[in-house]
2 protein chains.
Amino acid sequence: MNVNVKSHGSEPTAKLATWCCAPVDTEALRDDQASALADVFAALADPVRLRIFSLIASQGEVCSCNLEAPLQRSQPTISHHTSRLAAAGLIVGEKRGRWTWWRPVAGQVDEVARVLRVTPSTGDADTLA
Amino acid sequence: MNVNVKSHGSEPTAKLATWCCAPVDTEALRDDQASALADVFAALADPVRLRIFSLIASQGEVCSCNLEAPLQRSQPTISHHTSRLAAAGLIVGEKRGRWTWWRPVAGQVDEVARVLRVTPSTGDADTLA
DNA sequence: CCTTTATATCGATGAACGTCAATGTGAAAT
DNA sequence: ATTTCACATTGACGTTCATCGATATAAAGG
């Protein structure tokens with residue numbers, strides 16, 4: 001069937017799960033950790049990219065051709081945003097036939113969620129040293 | 001005693017927990033939800049702000065005066081970043097005497113982490129490259 | 001009052017970003 | 001081979017941003 005399956009997308013620059021980092025409330029981030037993490041947040045800091053990512057994550061797999069209409073953006077703009085999400089390691093693309101299919105990278109987004117976790121043990125009535 | 005305790009910081013524009021939204025993999029984000037969420041991510045999309053937030057979250061409470069040295073940024077720059085974090089609802093400031101003390105808002109960051117969660121039970125996810 | 005201290009705001013500058021029209025690329029269909 | 005189709009890349013434009021120096025505000029101590 002899929003003879004023309006190729007891996008696709010920019011080489012992700014962010015490989016958070018391999019080396020970054022303790023939850024933000026347990027230990028202060030080093031500068032290099034903060035830079036890598038900021039790159040991932042920057043990829044999510046645009047409403048169009050967020051909607052693209054949620055469309056991909058909720059459908060499991062989405063073709064680029066099915067993103068232009070719901071987001072009302074031009075084809076180059078969609079391509080630009082999928083590239084940025086891929087560079088951040090949040091999605092991966094696979095070219096099958098003429099279409100590029102994008103899937104979420106669960107590990108990357110879970111890693112971000114883990115780092116973001118703030119222990120609720122800091123009650124508001126507590127004395128905070 | 002602390003007679004001069006005042007609430008402080010810009011009125012947070014992002015009140016995610018009150019209305020936003022399903023995890024990104026269960027339902028596609030609406031445009032207004034994506035915009036609000038993108039604002040929070042934009043607040044985290046800078047290495048200096050990330051380190052400020054992690055310093056505050058890990059210490060529970062930090063004075064602005066203790067941020068300039070570790071981050072090696074000027075006082076106006078630190079003030080600018082704390083304002084942006086406060087506007088995103090991620091921290092709150094309290095002016096006691098001459099100093100402004102910043103604390104994390106656990107609910108906001110937990111809400112972001114919850115929305116980010118991607119269930120690893122995505123049906124066809126076994127073919128991840 | 002005046003001075004000191006901590007923080008906020010203003011103005012400017014250079015960099016990065018979102019967007020689209022035009023164009024390039026490579027694979028599929030005819 | 002030629003055309004068509006899906007997507008990437010380029011170039012340009014206006015906007016937003018991070019940063020700092022200068023200045024303003026506000027509180028505490030004299």
Side-chain angles (χ1 to χ4, degrees), chain A residues 1-11 13 31 34-35 38-52 56 61-69 71-88 91-102, chain B residues 1-11 13 31 34-35 38-39 41-53 56 61-69 71-88 91-102:
Chain A
M1 290 275 195
N2 291 326
V3 190
N4 288 324
V5 169
K6 294 181 188 175
S7 75
H8 180 271
S10 317
E11 197 65 22
T13 57
D31 187 50
S35 293
D39 286 341
V40 181
F41 284 128
L44 296 169
D46 179 87
V48 173
R49 279 197 294 272
L50 267 185
R51 296 188 67 196
I52 290 177
I56 294 172
E61 199 173 40
V62 174
C63 171
S64 289
C65 56
N66 292 128
L67 292 172
E68 300 177 29
L71 293 167
Q72 306 190 88
R73 291 296 185 284
S74 70
Q75 177 269 319
T77 298
I78 297 295
S79 178
H80 166 69
H81 286 312
T82 50
S83 287
R84 289 213 41 163
L85 287 171
I91 61 175
V92 285
E94 205 176 274
K95 198 158 193 173
R96 294 204 293 269
R98 291 202 264 212
W99 299 274
T100 299
W101 295 90
W102 298 98
Chain B
M1 311 300 184
N2 288 328
V3 191
N4 287 324
V5 170
K6 295 181 189 175
S7 74
H8 180 270
S10 318
E11 197 65 22
T13 57
D31 187 50
S35 293
D39 287 340
F41 285 129
L44 296 169
D46 180 88
V48 173
R49 278 198 295 273
L50 267 185
R51 296 187 67 196
I52 290 177
F53 182 72
I56 294 172
E61 199 173 41
V62 175
C63 170
S64 290
C65 55
N66 292 127
L67 292 172
E68 301 177 28
L71 293 167
Q72 305 189 91
R73 291 297 186 284
S74 70
Q75 177 271 320
T77 298
I78 297 294
S79 178
H80 165 68
H81 286 311
T82 50
S83 287
R84 287 211 46 163
L85 286 170
I91 61 175
V92 284
E94 206 177 90
K95 197 158 194 171
R96 294 204 294 268
R98 291 200 262 211
W99 300 274
T100 300
W101 295 90
W102 299 98

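Bear in mind the structure is a predicted one, so any value in this text is a computation, not a measurement. Chain letters run A, B, ... following the sequence lines, proteins first and then strands; every chain starts at 1.
When rounded to the nearest whole Å, the span between CD1 of A:Ile91 and P of D:dC7 equals 12 Å. Atom P of nucleotide C:dT9 and atom CD1 of B:Ile78 are separated by 15 Å, given to the nearest angstrom. Between the CZ atom of A:Arg98 and the P atom of D:dC5 there is a distance of 7 Å, rounded to whole Å. If you measure from atom CD of A:Glu68 to atom P of D:dA8, you get 10 Å, rounded to the nearest angstrom. Spacing between atom NZ of A:Lys95 and atom P of D:dA8 amounts to 7 Å, rounded to whole angstrom units. Rounding to whole angstrom units, CG of residue A:Asn66 and C1' of D:dC5 are separated by 14 Å. In this structure, B:Asp39 places its CG atom 12 Å from P of D:dT16, rounding to the nearest Å. The interatomic distance linking B:Trp99 (CH2) with C:dT4 (P) rounds to 17 Å, in whole Å.
Here the straight-line distance linking atom CZ of B:Arg73 with atom OG of B:Ser79 works out to 15.0 Å at 0.5 Å rounding.
B:Ser64 and B:Trp102 form a side-chain donor-acceptor contact under 3.5 Å, judged by distance and modelled atom types alone. Of the N and O atoms on the side chains of A:Ser74 and A:Thr77, at least one donor lies less than 3.5 Å from an acceptor on the other residue.
By the 4.5 Å heavy-atom criterion applied to side chains, B:Leu50 and A:Phe41 are counted as neighbours. Residues A:Asp46 and A:His81 meet the side-chain proximity criterion, which asks for heavy atoms closer than 4.5 Å. With contacts defined as side-chain heavy-atom distances shorter than 4.5 Å, the pair A:Leu44/A:Arg49 does not qualify. Side-chain contact check for B:Ile56 versus B:Glu61: every heavy-atom pair is 4.5 Å or farther apart.
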Quiz item: Are B:Asp31 and A:Arg51 close enough, and set up right, to give a side-chain contact (heavy atoms from CB on, under 4.5 Å), and what steps lead you there?
Solution: CA-CA 7 Å; B:Asp31 187 50; A:Arg51 296 188 67 196; 3.8 Å; yes

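Of the listed nucleotides (D:dA28, C:dT7, D:dC7), D:dC7 has the atom at the smallest distance from the side chain of A:Ser64. Closest approach to the A:Cys63 side chain among D:dC7, D:dA8, C:dA8 is made by D:dC7 (side chain taken as heavy atoms from C-beta onward).
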Quiz item: In B/S/- notation, 5' to 3', how is nucleotides 14-21 of chain C contacted by protein heavy atoms closer than 4.0 Å?
Solution: ---SSBBB

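Here the closest non-hydrogen pair linking A:Cys63 and A:Trp99 is SG-CD1, 3.3 Å.
Axis angle between the ends of the helix from C:dC1-D:dG30 to C:dT30-D:dA1, five pairs each and rounded to 10 degrees, works out to 20°.
Across all strands shown, B:Ser79 has heavy atoms under 4.0 Å from base atoms, whether or not it also approaches the sugar-phosphate.
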